[in-house]
Amino acid sequence: MQKILNYINGELIEPVSTNFIENTDPSTGEVYSLCPDSDAQDIELAYQAAEKAFPIWSETSANDRSKVMLKIADLIEKNLDELALAESIDQGKPLWLAKNGEIPRAQANIHFFATAIEHYASEAHPMGNHAINYTLRTPIGVVGCISPWNLPLYLFTWKIAPAIAAGNCVVAKPSEITPMTAYLFSKICMEAGLPKGVLNIVHGLGPKVGSAMVAHKNITAISFTGGTKTGAEIARVAAPMFKKLSLELGGKNPTLVFADCDFDKTVKEVVRASFTNQGEICLCGSRLYIERSIYEKFKTAFVGQVKALKVGDPLLPDTKVGAIASKMHFDKVLSYIELAKEEGGTILCGGVSTNPEGRCQTGYFIEPTVVEGLGHLCRTNQEEIFGPVVTIQAFDTEEEVLEMANSTDYGLACSVWTENLTKAHRVAAKMKSGIVWINCWLLRDLRTPFGGMKQSGVGREGGWEALRFFTEAKNVCIKM
Ligand code: NAD
């Protein structure tokens with residue numbers, strides 16, 4: 001059985017304990033590889049390697065850092081097929097989605113920050129003729145990056161790229177549920193000639209090795225993407241140590257559809273916003289609010305298109321909904337469908353697990369599910385499910401839909417569908433959400449600030465925001 005290895009000090013090595021955990025293909029439910037069960041000892045080794053690499057890497061010119069990162073980006077592109085297949089097997093997403101979306105985006109992340117760093121500048125604040133202030137932005141040192149299982153290589157590189165571009169050295173941990181592409185990525189970094197110790201990848205369980213990273217006194221900044229509960233635990237440990245923290249957490253995103261939307265386009269895009277990647281994207285819309293005058297028409301068209309989504313083998317080209325990433329998550333999503341029923345919801349389609357024909361009969365598949373008839377304050381509409389389950393409800397006025405849309409503890413993203421531009425701006429201004437998409441969904445420009453309000457996170461990633469996070473600002477004031 002294939003063994004995934006840690007990447008420490010430029011080498012692929014077993015964890016100190018020599019213990020491994022099983023890694024499952026969710027489309028079959030079968031164990032197909034082993035992932036290091038690392039612990040604090042491996043974090044210490046990774047830290048030592050990173051600390052040793054830091055003086056040289058932080059002094060390496062932006063142009064030279066950029067060059068090696070561009071090689072990494074090229075190698076991701078060259079290995080697109082292998083990476084996409086690995087991601088699909090490890091995570092359960094359709095292969096076409098990994099190939100057209102996730103892996104190209106991982107390449108884009110590296111490319112974007114490799115070039116951004118060459119344009120990064122800091123400010124000067126002159127005080128008339130008396131004095132001038134200028135800001136120095138220097139790398140922090142050894143930083144930690146922790147990522148989840150839903151978009152494995154995409155989110156892993158989204159953190160690592162700005163961190164190393166800015167001159168930091170990194171200890172990174174991918175999710176234990178989807179470690180494979182991070183492992184392949186370590187090989188790519190070796191082939192590209194990334195100096196040893198600049199990036200160290202330690203695999204294993206969150207509460208064991210992730211928490212050891214967070215608790216390490218010399219890893220002074222943590223960039224984390226994952227669940228809100230985990231984020232709270234990380235903040236609890238890191239805050240008294242005064243670590244810099246970027247927390248990208250959960251969501252319960254509303255989709256607001258007004259009667260004056262472009263109907264056909266909206267139905268099609270809302271289906272995509274609801275069920276792409278089995279609904280396992282933090283940005284997916286899971287609460288659909290439809291203006292009452294088009295509610296029945298929208299519901300019929302929407303449910304019709306959802307029923308037509310093919311659930312099945314992620315490796316087949318016509319599969320639209322693949323496997324749920326793990327058995328634990330599969331059980332969680334099904335338990336929320338039961339909760340929706342208990343809370344009085346009517347299942348309009350889906351609502352059950354399914355066993356596709358052929359090799360995937362023992363995998364973790366759930367039919368895309370639409371629930372009607374729930375109040376906006378019930379648990380189903382307040383808690384993150386993070387799977388192929390959406391609720392649909394009608395609204396009468398703009399005030400009412402804003403109240404319902406803003407009623408959760410989350411505030412990550414939303415989409416608004418209307419051809420009335422004035423209304424779109426008005427609603428966007430009133431949404432308590434880090435991202436508002438108008439007549440589109442998941443349209444991403446890597447320069448824009450990315451992150452959530454309320455319990456969806458603290459801080460912003462993307463563009464200069466990420467480079468600011470991964471640098472320390474120092475003001476130098478010179479009296480003339
Ligand atoms: P999770 O919080 O369980 O795990 C995320 C990562 O944290 C994993 O690598 C895990 O091993 C690690 N971890 C777990 N416990 C830890 C601890 N005590 N200390 C340090 N590390 C620990 O989340 P998940 O189930 O992997 O991912 C799903 C969640 O991620 C959802 O809530 C989703 O909304 C969120 N998410 C948010 C964004 C965003 O950008 N806001 C993007 C993707 C996913």
Side-chain angles (χ1 to χ4, degrees), residues 1-5 20-36 79-104 106 148-154 174-185 187 203 271-272 274-281 284 305-337 349-369 385-389:
M1 180 140 339
Q2 187 185 3
K3 264 187 183 174
I4 289 167
L5 296 170
F20 283 80
I21 46 179
E22 293 179 334
N23 185 32
T24 303
D25 171 352
S27 72
T28 60
E30 280 163 20
V31 174
Y32 80 103
S33 58
L34 297 172
C35 169
N79 292 289
L80 171 69
D81 288 340
E82 185 196 4
L83 289 164
L85 181 62
E87 201 73 294
S88 173
I89 292 170
D90 218 23
Q91 203 275 341
K93 69 182 74 240
L95 177 58
W96 59 264
L97 184 61
K99 201 165 167 179
N100 298 308
E102 176 158 352
I103 305 303
W149 51 255
N150 64 318
L151 299 169
L153 193 62
Y154 173 132
S175 171
E176 59 274 33
I177 295 167
T178 51
M180 189 56 86
T181 47
Y183 173 55
L184 298 177
F185 183 69
K187 294 187 182 181
H203 294 269
V271 171
R272 201 171 73 81
S274 304
F275 297 109
T276 298
N277 205 45
Q278 304 72 246
E280 294 166 337
I281 300 183
C284 278
Q305 288 190 26
V306 174
K307 280 184 178 164
L309 295 174
K310 188 177 165 234
V311 185
D313 186 340
L315 302 184
L316 297 177
D318 58 343
T319 291
K320 291 289 185 287
V321 178
I324 302 296
S326 69
K327 174 74 165 69
M328 203 165 83
H329 193 57
F330 171 80
D331 290 340
K332 177 188 156 183
V333 175
L334 288 176
S335 78
Y336 270 102
I337 293 173
C349 63
V352 287
S353 61
T354 175
N355 305 98
E357 285 294 300
R359 71 171 196 103
C360 293
Q361 279 197 345
T362 48
Y364 316 135
F365 295 86
I366 296 177
E367 286 188 7
T369 300
I385 301 174
F386 209 53
V389 181

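All residue numbers in this chain count up from 1 along the given sequence.
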Applying salt bridge (Lys or Arg N to Asp or Glu O under 4.0 Å) to Glu87 and not counting sequence neighbours gives none
With sequence neighbours left out, the residues meeting side chain to side chain contact (heavy atoms under 4.5 Å, CB included) with Pro356 are Cys360, Phe365
Residues passing the ring pair (Phe, Tyr, Trp, His ring centres under 6.0 Å) test with Trp149, sequence neighbours excluded, are His329, Phe386
On a heavy-atom basis, the closest approach of Pro388 and Ile324 is CD-CD1, 3.6 Å
In this structure, OG1 of Thr181 is separated from CD1 of Ile89 (nearest 0.5 Å) by 11.5 Å
Residues passing the side chain to side chain donor-acceptor pair (under 3.5 Å) test with Asn150, sequence neighbours excluded, are none
CD1 of Ile366 to CD1 of Ile385, rounded to nearest 0.5 Å, is 10.0 Å
So OG of Ser175 and CG of Leu151: to nearest 0.5 Å the spacing works out to 11.5 Å
Contacts satisfying side-chain hydrogen bond (donor to acceptor under 3.5 Å, both in side chains) that involve residues 315-324 (not counting sequence neighbours) are Lys310-Asp318
Verify side-chain hydrogen bond (donor to acceptor under 3.5 Å, both in side chains) between Gln91 and Glu280, making sure each step is shown before the conclusion. CA-CA 10 Å; Gln91 203 275 341; Glu280 294 166 337; 3.2 Å; yes
### Query
Does Met1 CE have over 12 foreign heavy atoms under 6.0 Å away?
yes
Got Tyr32 and Asp90 here, is their nearest side-chain heavy-atom distance under 4.5 Å?
yes
Hits for side chain to side chain donor-acceptor pair (under 3.5 Å) against Asp331, two or more places apart or cross-chain, chain-then-number order -> Lys327
Residues passing the side chain to side chain contact (heavy atoms under 4.5 Å, CB included) test with Thr24, sequence neighbours excluded, are Val31, Tyr364
For Gly351 and Thr369, the nearest pair of non-hydrogen atoms, with its separation, is N-OG1, 2.8 Å
Heavy atoms of Val306 and Val271 approach each other most closely as CG2-CG2, 4.3 Å
#### Entry: Flag if over 12 foreign heavy atoms under 6.0 Å of CD, Gln361
yes
When every non-hydrogen atom of Ala86 is compared with those of Met180, the smallest separation belongs to CB-CG, 4.0 Å
Distance col, row Ser33:OG vs Glu22:CD, nearest 0.5 angstrom, shows 10.0 Å
Tightest non-hydrogen contact, residues Ile4 and Pro179, listed as CD1-CG, 3.6 Å
Contacts of Glu176 meeting salt bridge (Lys or Arg N to Asp or Glu O under 4.0 Å) (sequence neighbours excluded), chain-then-number -> Lys173
Interatomic distance, CZ@Phe275 vs CD@Glu367, rounded to 0.5 Å, equals 11.0 Å
Sequence neighbours excluded, the answer for side chain to side chain donor-acceptor pair (under 3.5 Å) partners of Lys332 is none
* Asked: Any side-chain heavy atom of Phe20 sitting closer than 4.5 Å to one from Cys35?
  -> no
Closest non-hydrogen contact found for Pro152 with Glu102 is N-OE2, 3.0 Å
Sorted by chain and residue number, the side chain to side chain contact (heavy atoms under 4.5 Å, CB included) partners of Glu82 (sequence neighbours excluded) come out as Asn79, Leu184
With sequence neighbours left out, the residues meeting side chain to side chain donor-acceptor pair (under 3.5 Å) with Asp25 are Ser27
Across all chains, not counting sequence neighbours, the side chain to side chain contact (heavy atoms under 4.5 Å, CB included) partners of Ser88 are Leu95, Pro314, Leu315
So OH of Tyr183 and CG of Leu153: to nearest 0.5 Å the spacing works out to 15.0 Å
